[in-house]
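Heads up, the thing below is written out as structure tokens.
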Amino acid sequence: MTDKIIYLDNNATTKVDEKVFEEMVPYLKDEYANPSSMYDFAKKSSDAIKEARVKVRDFVNAANEKEILFTSCGTESANTAIRGALAMNKGKRHIITTMIEHPCVLNVYKMLEKQGYKVDYIKVNSNGELDLEQLSEAINDDTALVSVMFANNETGVINPVKKISEIIKSKNPNTKFFVDGVQAAGKIPIDVQENGIDMLGISGHKFHAPKGVGALYVNSKTIITPLIIGGHQERGKRAGTENVPYIVGIGKAAELAMDNLEYEMTEVKRLRDKLEDGILKNVFNARLNTGIANRVPNTTNIGFEYVEGELILLHLSDLGICASSGSACTSGSLEPSHVLRAMNVPFTAIHGSIRFSLSKFTTEKDIDYVNSVIPGVIERIRNLSPYQEELAELKRRKSL
Ligand code: PLP
């Protein structure tokens, strides 16, 4: 065990930026008025929400700040968009999504299937790239919604959302397009107008705001029914007294993320590539699960063949390194992730796949340290593997 923390799990959640925290503090202490109240004391709270809405508008390049709703998280944004848009289009019963969406999207479609919707799930290739031909062929007159994530949380692979919106508009201009933008926000530029997106969800805790606040863009041509019904807040689209400090937080985080994009796409990418190259060079049974796919700059997903991912995570944790595996531990059995399964990651690597996700707070020293300890960690685990013959054969083939 160690006191040192090397945090490489930024796709799970991020550290709150000090500047975000400072901006929030007045609204957690002295500026506690309900923003809907009439007296002057409430003006600072309602103005702070207005300012945050403009910042999020600019972050996603929406045409108007009225197209931004504040929510509690990415999951609520997705649920509101999907269920809200379908409820306004009751005649249509067909939905298209992908096999690699986050559970906050996939499980909504599973529920809708039980309610009689037909859902098509678009495949990906071995790099995690979508089959656009299948998507194009699936769109028909009954298609109410196409729902595709901007970037995948496990692999970082970016989907070609502009191309997808063009396909949708050419096949059925009445079909709505929802994009789960949670893993793209803060990592690559997001432009909802340029990309023809009708609805886009983001989550504050993925780009250095606290957990418990998200946002949903709904363009002016798309009408949704609210998921949460009550007061008139958020123009009647999301009831409940606004979480002023957290809304201020996501606004500030959006502003900072825009300023940081260049750094993310150069420096964070350089460190990610350094980590990846170091592992692939020094660990003979490591493979990059995404091949040459276009990815967000902070994520790498590496399969360590013939070793257990959970064992790697435990060894890394002892060294203070936080990463994540593609497996979900369900009822005592280790099920590989639905994303890696959809990509047909070979059996030999799927159980030993690890996601490392960096942020602007990751340092060169962090990466040098991880690169220096990983070969030893993998070797120790490999020595316990029941697949010694296969490993020897793999080593022989790699050295040829
Ligand atoms: N969508 C994606 C792609 C995610 O990675 C996540 C969280 O991991 C979510 C949605 C859900 O976001 P939240 O945790 O804010 O509900």
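This chain uses plain numbering: 1 for the first residue, then up along the sequence. Order of listing sets the numbers, starting from 1, for every ligand and every atom in it.
Closest to atom 15 (O) of ligand 1, if we only count protein heavy atoms, is S203 OG, 2.6 Å. When only non-hydrogen protein atoms are considered, atom 13 (P) of ligand 1 lies nearest to G74 N, 3.5 Å. Protein heavy atom in closest approach to atom 16 (O) of ligand 1: T75 OG1, 2.6 Å. Protein heavy atom in closest approach to atom 1 (N) of ligand 1: D180 OD2, 2.6 Å.
Put simply, the side chain of N140 gets close to the backbone of D142: a donor and an acceptor are under 3.5 Å apart.
Listed by number with element, the atoms of ligand 1 under 4.0 Å from a non-hydrogen atom of N153 are 3 (C), 5 (O). Per-residue contacts place H205 under 4.0 angstrom from the following atoms of ligand 1 (heavy atoms of the residue considered): 13 (P), 14 (O), 15 (O). Residue contact check: Q183 has heavy atoms under 4.0 Å from atoms 3 (C), 4 (C), 5 (O) of ligand 1.
Residues I95 and V179 are members of separate hydrophobic clusters, defined by side-chain heavy-atom contacts under 4.5 angstrom among Ile, Leu, Val, Met, Phe, Trp and Tyr.
Nearest to atom 6 (C) of ligand 1 by heavy-atom distance, out of K211, H102, E101, E76, is H102.
In this structure, F59 and F207 have tilted ring planes: the angle between them lies in the 30° to 60° band.
Two residues are said to be in side-chain contact when any heavy atoms from C-beta on lie closer than 4.5 Å; Y109 and Y121 meet this criterion. Residues I302 and R287 fail the side-chain proximity criterion, which asks for heavy atoms closer than 4.5 Å.
Cation-pi geometry between K398 and F284 is not satisfied (NZ or CZ under 6.0 Å from the ring centre, within 45° of the ring normal). Geometrically, K4 engages Y369 in a cation-pi contact defined by less than 6.0 Å to the ring centre and at most 45° from the axis.
Summarising the local packing, CZ of F304 is surrounded by more than 12 heavy atoms from other residues, nucleotides or ligands at distances under 6.0 Å.
In terms of polar-atom proximity, K206 is counted as a contact of ligand 1, with an N or O under 3.5 Å from an N or O of the ligand. Below 3.5 Å of separation, one finds no N or O of M149 facing any N or O of ligand 1.
Only side-chain heavy atoms of C104 come within less than 4.0 Å of ligand 1; its backbone N, CA, C and O stay farther off.
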